[in-house]
K.L.:
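Below: one structure in structure tokens.
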Amino acid sequence: MIEKTLQHFNIDGFQQDLLTWYQANKRDLPWRADQDPYRVWVSEIMLQQTKVDTVIPYFQRFIDKYPTVYELADADPQDVLKAWEGLGYYSRARNLQNAVKEVVATYGGKVPKDREELGALKGIGPYTRGAILSIAYDQPEPAVDGNVMRVISRVLKIEENIAEQRVKKLFEAYVREIISVNDPASFNQALMELGALVCTPKSPDCPVCPIKEHCTAYREGIQQELPIKTKAKKQKRIPYAVLLIKNQKEEYLIEKRPDSGLLANLWHFPMVPLEEVEFDEIANWIFREYGIRVTLHDKLGELKHVFTHLIWQLDIYNAETDDSNIKHSELIFEEKRNLKAYPFPVSHLKMMKYL
DNA sequence: AATTCGGGGGG
DNA sequence: CCCCCAGAATT
């Protein structure tokens with residue numbers, strides 16, 4: 001059925017129009033300075049679910065700090081997490097470092113060119129594998145992300161639900177048919193660049209589009225209806241009381257999250273789940289969980305923090321304790337000025353102003 | 001196939 | 001305020 005769709009599609013003309021536009025309009029992005037496979041890799045991991053403008057400063061700092069696989073392989077995981085702070089999806093950082101260690105240990109520090117070897121590394125899925133192989137190694141592999149699915153769904157009028165795994169495979173098959181074998185690096189990046197700058201989700205700027213003559217959706221005026229995608233279900237709201245607990249040495253209590261699950265290995269102020277704990281029982285709950293006697297003071301503010309699948313509704317309180325000795329390594333009293341050494345989720349970074 | 005993982009930006 | 005964006009791992 002791919003052949004049928006592409007029967008009257010001018011592949012050479014499409015490639016030429018797309019690539020010409022890309023050469024003239026591509027943004028000057030830090031990870032486009034060269035084809036260093038490690039840098040391409042770092043950029044692609046950071047760009048997963050994340051906008052270019054957000055990634056740029058993180059990428060610069062990260063490469064300054066970890067210029068090659070060797071520095072990253074040797075780094076303290078906590079420092080890597082700190083470098084990732086605010087970027088989200090923190091397992092990306094952990095997986096990246098683990099995979100880089102694997103590259104140093106198994107592949108002599110060279111990022112594998114082999115499709116299977118590369119795809120076996122932690123955090124490298126079908127998209128990232130294709131991106132690295134094409135951008136760093138000039139291999140004609142598809143790199144199908146949301147941009148590419150949006151652009152191709154419009155150009156070829158593909159009315160399938162892009163949320164389905166099966167459909168993503170279909171897009172990869174189409175890209176294999178139309179990719180420029182001469183310059184797959186530019187071809188894949190051009191599709192994504194077009195998706196980011198012209199063929200945008202809400203109101204695509206079709207009049208200026210370099211490939212509108214090749215676009216079935218444009219011809220039929222249905223570009224706004226594509227791609228087709230099922231809606232996500234709405235998130236569950238979870239209320240917490242967050243306690244900024246200060247001891248007599250002006251230190252605040254922070255704790256380290258478990259090494260798996262939400263915000264794994266990040267630090268934060270103690271959170272009391274209000275669905276399970278009555279307001280009047282907060283101090284008792286804290287004593288049971290942390291072994292610390294606290295006095296709850298005034299409410300400082302509220303914060304709503306939205307994740308992909310849940311919402312934290314946070315009430316922030318001042319609290320005080322006479323205790324200051326803690327046994328656990330995941331639970332520490334720390335001076336305000338030292339808190340910046342720990343990786344925090346953005347929601348808790350926003351509470352620092354109350355300290 | 002469905003769910004779990006962050007956070008920023010737009011309307 | 002709600003809605004949109006969207007890769008990989010896990011189950």
Side-chain angles (χ1 to χ4, degrees), chain A residues 40-58 81-99 118-133 141-153 160-169 171-172 175 188 191-192 195-197 199-204 224-238 257-268 302-314 343-350:
Chain A
V40 171
W41 183 6
V42 170
S43 74
E44 289 302 339
I45 300 297
M46 287 187 171
L47 285 162
Q48 288 170 8
Q49 337 298 299
T50 312
K51 299 271 196 287
V52 163
D53 288 343
T54 303
V55 167
I56 289 172
Y58 283 92
L81 209 46
K82 184 68 188 177
W84 212 269
E85 182 184 69
L87 205 48
Y89 289 130
Y90 297 95
S91 67
R92 292 185 296 177
R94 185 178 63 247
N95 288 338
L96 174 61
Q97 191 186 17
N98 287 339
L118 188 61
L121 294 170
K122 276 291 182 191
I124 298 186
Y127 164 76
T128 305
R129 175 175 69 183
I132 294 171
L133 290 177
E141 287 284 322
V144 174
D145 74 340
N147 289 306
V148 173
M149 285 196 282
R150 185 169 58 255
V151 172
I152 299 299
S153 73
E160 308 252 19
N161 181 5
I162 64 167
E164 291 176 29
Q165 205 53 228
R166 188 198 111 240
V167 175
K168 190 182 172 184
K169 294 241 192 290
F171 279 94
E172 287 170 351
V175 172
N188 281 341
L191 280 181
M192 294 188 272
L197 300 180
C199 195
T200 52
K202 302 277 182 148
S203 48
Q224 303 268 23
E225 327 302 325
L226 293 171
I228 290 164
K229 188 187 173 202
T230 53
K231 302 186 201 312
K233 63 175 188 181
K234 61 183 274 189
Q235 311 99 315
K236 177 180 164 57
R237 261 185 134 84
I238 311 178
R257 298 179 65 84
D259 62 7
S260 67
L262 185 66
L263 303 168
N265 291 329
L266 272 69
W267 292 76
H268 64 121
E302 298 179 357
L303 211 52
K304 190 179 86 162
H305 196 78
V306 180
F307 299 91
T308 305
H309 60 297
L310 58 91
I311 300 171
W312 278 357
Q313 190 64 53
L314 308 176
F344 282 86
V346 165
S347 53
H348 285 246
L349 287 172
K350 288 176 179 171

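Here is how names work: the chains are called A, B, and so on, in the same order as the sequence lines, proteins then strands, and each is numbered from 1. Because the structure is a prediction, the values reported are computed rather than measured. Only heavy atoms go into these numbers, but all of them, side chains included; no hydrogens, no water, no symmetry mates.
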K.L.:
Nearest to the T308(A) side chain among dC5(B), dC4(C), dC5(C), which nucleotide is it?
P.N.:
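The answer is dC5(B).
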
K.L.:
Let me know the distance between NZ of K236(A) and P of dC5(B), rounded to the nearest Å.
P.N.:
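Interatomic distance, NZ of K236(A) to P of dC5(B): 14 Å.
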
K.L.:
Please determine, for the side chain of K229(A), which listed nucleotide (dG7(C), dC4(C), dC5(C)) has the closest atom?
P.N.:
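Among the listed nucleotides, the one closest to the side chain of K229(A) is dC5(C).
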
K.L.:
For E85(A) and Y90(A), does a side-chain donor sit closer than 3.5 Å to a side-chain acceptor?
P.N.:
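No, no side-chain donor-acceptor pair sits under 3.5 Å.
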
K.L.:
Output the rounded distance in Å from CG (L96(A)) to P (dA9(C)).
P.N.:
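Roughly 12 Å, once rounded to whole Å.
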
K.L.:
Taking the minimum atom-to-atom distance to the side chain of Y89(A), which one of dC1(C), dA8(C), dA6(C) wins?
P.N.:
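Among dC1(C), dA8(C), dA6(C), the one nearest the side chain of Y89(A) is dA6(C).
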
K.L.:
Which is true for N147(A) with a 4.0 Å heavy-atom rule: it touches a base, it touches only sugar-phosphate, or it touches nothing?
P.N.:
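Result for N147(A) = sugar-phosphate.
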
K.L.:
Taking atom P in both dC4(C) and dC5(B), what distance in whole Å separates the two?
P.N.:
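Here dC4(C) and dC5(B) have their P atoms 23 Å from each other.
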
K.L.:
When you measure from the side chain of R150(A) to the backbone of P227(A), do you find a donor-acceptor pair of N or O atoms at a distance under 3.5 Å?
P.N.:
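Checked: no pair found.
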
K.L.:
Does K234(A) reach a base, just sugar-phosphate, or nothing at all? Heavy atoms under 4.0 Å.
P.N.:
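Answer is nothing: K234(A) stays at 4.0 Å or more from every strand.
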
K.L.:
Measure from CD1 on I56(A) to C1' on dG7(B) and round the result to the nearest Å.
P.N.:
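Between C1' of dG7(B) and CD1 of I56(A): 17 Å.
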
K.L.:
To the nearest Å, give me how far apart CZ (R92(A)) and P (dA9(C)) are.
P.N.:
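For the pair R92(A) CZ and dA9(C) P, the rounded distance is 13 Å.
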
K.L.:
From the options dG8(B), dG7(B), dC5(C), select the nucleotide whose nearest atom is closest to the side chain of P345(A).
P.N.:
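So the side chain of P345(A) is nearest to dG7(B).
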
K.L.:
Any idea which of dG8(B), dC5(C), dC1(C) is nearest the V346(A) side chain?
P.N.:
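Of the options given, the side chain of V346(A) lies nearest dG8(B).
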
K.L.:
Please tell me which of H309(A) and K202(A) maps to the more 5' nucleotide of DNA chain B, matching each residue to the nucleotide holding its nearest heavy atom.
P.N.:
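Nearer the 5' end of the strand: H309(A).
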
K.L.:
Closest to the T128(A) side chain: dG7(B), dC1(C), dA8(C)?
P.N.:
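Looking only at side-chain atoms, T128(A) lies closest to dA8(C).
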
K.L.:
Looking only at atom types and distance, does a side-chain atom of W41(A) sit under 3.5 Å from a main-chain N or O of I45(A), one as donor and one as acceptor?
P.N.:
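No; judged by distance alone, with no hydrogens or angles, the pair does not exist.
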
K.L.:
Hey, would you say the F307(A) and W312(A) ring centroids sit under 6.0 Å apart?
P.N.:
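Centroid separation for F307(A) and W312(A): below 6.0 Å.
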
K.L.:
For dA6(C) and dG11(B), measure between their P atoms and round to the nearest Å.
P.N.:
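Comparing P positions in dA6(C) and dG11(B) gives a spacing of 15 Å.
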
K.L.:
Which nucleotide sits closest to the side chain of T54(A): dG8(B), dG7(B), dG7(C)?
P.N.:
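Among the listed nucleotides, the one closest to the side chain of T54(A) is dG8(B).
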
K.L.:
How close or far is atom C1' of dA8(C) from atom CG of L121(A), stated in whole angstroms?
P.N.:
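Rounded to the whole Å, the gap is 13 Å.
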
K.L.:
Rounding to an integer number of Å, can you tell me how far E164(A) CD sits from dT3(B) C1'?
P.N.:
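Atom CD in E164(A) sits about 16 Å away from atom C1' in dT3(B).
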
K.L.:
Could you please name the option among dC2(C), dG7(B), dA6(C) that lies closest to any side-chain atom of Q49(A)?
P.N.:
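Of the candidates, dA6(C) comes closest.
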
K.L.:
Write down the distance between CD1 (I238(A)) and P (dT4(B)), rounded to a whole number of angstrom.
P.N.:
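Rounded to the whole Å, the gap is 10 Å.
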
K.L.:
Both S203(A) and A264(A) contact DNA chain B. Which one's nearest nucleotide lies toward the 5' end?
P.N.:
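Whichever sits nearer the 5' end wins; that is A264(A).
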
K.L.:
With a non-hydrogen cut-off below 4.0 angstrom, is R94(A) in contact with a base, only sugar-phosphate, or nothing?
P.N.:
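If one applies the 4.0 Å heavy-atom cut-off, R94(A) turns out to touch nothing in the nucleic acid.
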
K.L.:
Can you find a side-chain donor-acceptor pair between R92(A) and T50(A) that sits under 3.5 Å?
P.N.:
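Yes, a side-chain donor-acceptor pair sits under 3.5 Å.
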
K.L.:
What is the separation between atom CD1 on I124(A) and atom P on dG7(C), rounded to the nearest whole Å?
P.N.:
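Taking CD1 of I124(A) and P of dG7(C), I get 15 Å after rounding.
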
K.L.:
Side chain of Y90(A): nearest nucleotide among dA9(C), dG7(B), dC2(C)?
P.N.:
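Minimum distance to the Y90(A) side chain belongs to dG7(B).
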
K.L.:
From C-beta outward on Q48(A), which listed nucleotide comes closest to its side chain: dA9(C), dG7(C), dC5(C)?
P.N.:
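Selected nucleotide: dG7(C).
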
K.L.:
Say whether, by atom type as modelled, one donor and one acceptor occur between the side chain of D259(A) and the main chain of N265(A) under 3.5 angstrom.
P.N.:
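Not a single qualifying donor-acceptor pair exists.
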
K.L.:
For K168(A) and dA1(B), is the shortest distance between a side-chain N/O and OP1 or OP2 below 4.0 Å?
P.N.:
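Checking K168(A) against dA1(B): no side-chain N or O falls below 4.0 Å of OP1 or OP2.
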
